[in-house]
Amino acid sequence: FDNNLNDISQTNNSAIPHNGISFVPGPCGAALSFDGIDDFLTIPHTSAYEFGLGEFTVAMRVKYTSPQPYPNNQPYAYASITDKLDPGCPVPYNGINMFLDASPTYPNPYQGGALGRTKYDNRIYSPQGLLNSDTWHCLVYTRNPDPNGTTCTMRMYVDGVLVNTELGVGLNDVTNQSPITIGANSC
């Protein structure tokens, strides 16, 4: 960011801030600070973001401070990084989604890591314990369709290192008319 939310790509699709996002020093110039309660960005839908059954890459540089518990005292502490999910978010959550799992007490295979998914069961995660709070991390997940046309290979990278590969993941169409949401879960 150059202290603004302008898109410099050919799509010219600038982000829209919601609820008081601020600019702070980041690892490579300016970064955005979200309050963890209601700050987020949306990027309007454009056909450039219709990946269908094709390949795509989601990359974000993130730093979190402390996890926020889910309502009703559930032991989860998920932090949505970005998503582009079907409107209304019907299960099985079809679309593109990446979040942090900073659950301190709830055991699961991605506790203390990042999760990328295109559907509830079509997901890739980083191993436990790779992400530290108060530290900048570069998170990337990719989807590459397999030649058979029904499955794909998903890969997760943390700070430039390949940390997980999932082969034979179900291939689903992620095309929808939703905006991209950054910093909040659109559901």
Side-chain angles (χ1 to χ4, degrees), residues 1-9 11-51 56-72 74-104 110 112-120 123-126 131-141 143 156 158 174-187:
F1 297 102
D2 211 8
N3 288 316
N4 65 59
L5 301 174
N6 298 335
D7 180 2
I8 60 170
S9 74
T11 63
N12 196 28
N13 205 16
S14 297
I16 301 165
H18 301 271
N19 303 322
I21 292 168
S22 60
F23 289 96
V24 297
C28 304
L32 294 174
S33 178
F34 299 84
D35 66 8
I37 299 168
D38 63 357
D39 292 357
F40 66 100
L41 298 174
T42 54
I43 301 172
H45 170 77
T46 176
S47 60
Y49 306 138
E50 293 180 2
F51 304 113
F56 64 82
T57 299
V58 176
M60 301 294 278
R61 200 175 275 273
V62 299
K63 175 183 173 183
Y64 68 97
T65 52
S66 60
Q68 299 293 319
Y70 264 31
N72 303 321
Q74 295 179 20
Y76 311 110
Y78 299 125
S80 182
I81 299 169
T82 187
D83 73 38
K84 185 176 180 5
L85 298 172
D86 281 346
C89 303
V91 174
Y93 308 113
N94 194 60
I96 297 172
N97 183 237
M98 180 190 276
F99 59 89
L100 294 172
D101 179 354
S103 302
Y110 35 84
L115 174 73
R117 69 180 177 198
T118 60
K119 194 173 174 179
Y120 184 76
R123 57 189 171 197
I124 182 82
Y125 55 88
S126 68
L131 305 178
N132 301 311
S133 62
D134 295 315
T135 303
W136 284 101
H137 294 285
C138 181
L139 306 176
V140 177
Y141 87 92
R143 179 181 82 172
M156 174 70 74
V158 175
V174 295
T175 298
N176 61 47
Q177 302 297 306
S178 298
I180 295 172
T181 302
I182 299 172
N185 189 334
S186 63
C187 295

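Hydrogens, waters and symmetry mates play no part in the numbers below; they use all other heavy atoms, side chains included.
- You'll find the side chain of F34 reaches within 4.5 Å of the side chain of I182, heavy atoms only.
- P25 approaches W136 most closely through the heavy-atom pair O-CZ2, 4.3 Å.
- Side-chain N or O atoms of T118 include none that pairs as donor or acceptor with a backbone N or O of G95 at under 3.5 Å.
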- Task: In sequence, state the C-alpha distance, the side-chain angles, and the governing distance for N97 and S80, and then conclude on side chain to side chain contact (heavy atoms under 4.5 Å, CB included).
- Result: CA-CA 8 Å; N97 183 237; S80 182; 4.3 Å; yes
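- In terms of heavy atoms, G183 sits closest to F40 at C-CB, 4.0 Å.
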- Run the side chain to side chain contact (heavy atoms under 4.5 Å, CB included) check on V62 and L139 step by step: do they pass? CA-CA 7 Å; V62 299; L139 306 176; 3.5 Å; yes
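- Counting heavy atoms from C-beta on, the side chains of I96 and M98 never come closer than 4.5 Å.
- Between S126 and V158 the shortest heavy-atom distance is CB-CG2, 3.9 Å.
- Under a 3.5 Å cut-off, the side chain of D7 and the backbone N or O of N13 do form a donor-acceptor pair.
- Looking only at side-chain heavy atoms (C-beta outward), P44 and P179 stay at 4.5 Å or farther from each other.
- A heavy-atom distance below 4.5 Å is not found between the side chains of H137 and M60.
- Annotation: side chain of L5 is in contact with side chain of L32 (closest heavy-atom distance under 4.5 Å).
- In this structure, OG1 on T175 lies 8.0 Å from NZ on K84, to the nearest 0.5 angstrom.
- Once rounded to the nearest 0.5 Å, the distance linking CG of L85 with CG of N176 reads 7.5 Å.
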- Query: Would Y125 and M156 count as a side chain to side chain contact (heavy atoms under 4.5 Å, CB included) if you check the C-alpha gap in whole Å, the side-chain angles of each, and the deciding distance to 0.1 Å?
  - Reply: CA-CA 6 Å; Y125 55 88; M156 174 70 74; 5.5 Å; no
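- Using a 4.5 Å cut-off on side-chain heavy atoms (C-beta onward), I180 and T42 make no contact.
- Expressed to the nearest 0.5 Å, how far CD1 of I21 lies from CG of D39 amounts to 5.5 Å.
- For the atom pair S14 OG and I8 CD1, the distance stands at 10.0 Å (nearest 0.5 Å).
- Side chains of F51 and T57 form no contact here, defined as non-hydrogen atoms less than 4.5 Å apart.
- Below 30°, between 30° and 60°, or above 60°: for F56 and Y141 the angle between ring planes is above 60°, a perpendicular geometry.
- Note that the CZ atom of R117 and the CG atom of D83 stand 9.0 Å from one another [nearest 0.5 Å].
- Judged by distance alone, with hydrogens and angles left aside, the side-chain atoms of H18 form no donor-acceptor pair with the main-chain N or O of D38 at under 3.5 Å.
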